[in-house]
Every structure is written in C-alpha cells, then in structure tokens.
Amino acid sequence: MIRVMYRWTVKREDGEEFIRKWEVGTVRIQTYCAGAMGSILLRSSENPEHFFGMARWPSKEIWEAAQRVMPLLDLPDPKPESECFFDELVDIIAEVIE
C-alpha cells in the first residue's frame with residue numbers, strides 16, 4: 001500500500017472553489033480508476049494558499065495505471081504542483097509488531 005501526497009497553491013480568494021473542484025475530481029477518480037482507495041484534503045495553517053492532498057493506492061504500479069485513465073476524466077484545474085510517494089505506515093508497523 002502507498003500514499004501519494006499532492007500539493008497545490010491556490011489564491012486565498014479561490015480556496016472554497018478549489019475545495020469544491022477537488023471533491024468533484026476525487027469522486028471521478030474513485031469512480032473510474034481501479035484501485036483508488038480514497039483521499040483527504042488538508043489546508044496549511046501556516047499558509048492558507050497551500051493545500052495538500054493525500055491519496056491511498058494499493059501500489060505504485062496501480063497508481064501509474066490510473067494515470068493513463070485520469071486525462072480522460074476531465075479533472076478540474078488546477079493540476080497538482082508536486083507529488084510524493086510514501087509506503088503505507090501501517091504495513092511498517094505490522095512488520096515491527098510481528
């Protein structure tokens with residue numbers, strides 16, 4: 001399992017509209033991309049123009065396969081500025097406990 005973290009910079013006055021667009025895009029991804037396991041959107045308390053999304057996927061390979069579908073979904077702008085990959089912490093903890 002992996003998590004993918006995304007970052008966007010959005011003008012302060014466009015924040016609420018961005019949140020609505022992100023929600024629409026997330027529903028489309030979960031509907032049409034096999035393996036999408038949900039995501040969360042966070043707003044920086046230090047800089048309210050920065051938003052961070054974190055999505056769960058079974059593997060990087062499944063996420064990469066979804067990238068071929070996403071351009072067909074007409075996802076609302078803006079596109080993420082960056083993305084980072086993390087191994088699912090739960091898997092690491094389970095290994096330590098065993």
Side-chain angles (χ1 to χ4, degrees):
M1 181 114 26
I2 65 163
R3 290 194 189 262
V4 183
M5 180 175 260
Y6 304 92
R7 184 183 126 169
W8 297 266
T9 301
V10 178
K11 291 179 185 174
R12 196 177 294 236
E13 62 270 16
D14 296 335
E16 296 305 313
E17 180 182 357
F18 171 74
I19 292 169
R20 285 191 297 279
K21 288 180 176 183
W22 180 87
E23 290 171 345
V24 167
T26 297
V27 168
R28 286 183 192 160
I29 290 168
Q30 289 181 320
T31 301
Y32 297 105
C33 294
M37 300 175 70
S39 58
I40 187 171
L41 183 67
L42 304 168
R43 189 176 208 166
S44 171
S45 60
E46 294 178 11
N47 183 346
E49 293 184 345
H50 288 169
F51 287 85
F52 300 91
M54 187 170 298
R56 292 179 63 201
W57 293 87
S59 69
K60 190 170 183 182
E61 293 77 22
I62 291 172
W63 177 86
E64 288 170 343
Q67 300 312 296
R68 294 189 289 276
V69 175
M70 286 189 200
L72 306 174
L73 300 181
D74 192 29
L75 296 174
D77 286 327
K79 303 294 183 230
E81 297 168 0
S82 64
E83 51 201 33
C84 300
F85 297 88
F86 301 91
D87 289 328
E88 181 66 63
L89 186 58
V90 173
D91 293 341
I92 296 169
I93 292 171
E95 289 176 19
V96 171
I97 293 173
E98 294 175 356

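When a residue number appears, it is its place in the shown sequence, counting from 1. Computed from heavy atoms alone, side chains included, the values below leave out hydrogens, waters and symmetry copies.
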If you define the side chain from C-beta out and look only at heavy atoms, does anything of [X] sit under 4.5 Å from [Y]?
{"X": "Leu41", "Y": "Phe52", "value": "no"}
{"X": "Met1", "Y": "Arg56", "value": "yes"}
{"X": "Cys33", "Y": "Ile62", "value": "no"}
{"X": "Glu83", "Y": "Met5", "value": "no"}
{"X": "Leu42", "Y": "Met54", "value": "no"}

State yes or no: do [X] and [Y] share one hydrophobic cluster built from I, L, V, M, F, W and Y residues joined by side-chain heavy-atom distances below 4.5 Å, directly or via other members?
{"X": "Trp22", "Y": "Tyr32", "result": "yes"}
{"X": "Val69", "Y": "Ile29", "result": "yes"}
{"X": "Val10", "Y": "Ile19", "result": "yes"}

Any chance you could measure Asp74, atom CG, to Met70, atom CE, to the nearest 0.5 Å?
-> 14.0 Å
State the OG1-CG distance between Thr31 and Leu73, to the nearest 0.5 angstrom.
->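 Here the interatomic distance stands at 9.0 Å.
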Taking all atoms of both residues into account, what is the closest heavy-atom pair of [X] and [Y], and its distance?
{"X": "Gly25", "Y": "Pro76", "value": "CA-CD, 4.1 Å"}
{"X": "Ala34", "Y": "Trp57", "value": "O-CZ3, 3.7 Å"}
{"X": "Trp8", "Y": "Gly53", "value": "CZ3-N, 3.5 Å"}

Identify whether the distance between the nearest side-chain nitrogen and carboxylate oxygen of Lys79 and Asp77 falls below 4.0 Å.
->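 So Lys79 pairs with Asp77 through a salt bridge.
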Cationic N near anionic O, under 4.0 Å, Lys21 to Glu17 =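 Looking at Glu17 together with Lys21, the answer is yes, because their closest N to O distance falls below 4.0 Å.
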When the ring centroid of Phe51 is compared with that of Phe18, is the distance short of 6.0 Å?
-> yes
Any chance you could lay out the side chain to side chain contact (heavy atoms under 4.5 Å, CB included) test for Arg43 and His50, step after step, and finish with the verdict?
-> CA-CA 6 Å; Arg43 189 176 208 166; His50 288 169; over 6 Å; no
Hey, which of Glu23, Arg28, Gln30 is the one that makes side-chain contact (heavy atoms from CB on, under 4.5 Å) with Thr26?
-> Gln30
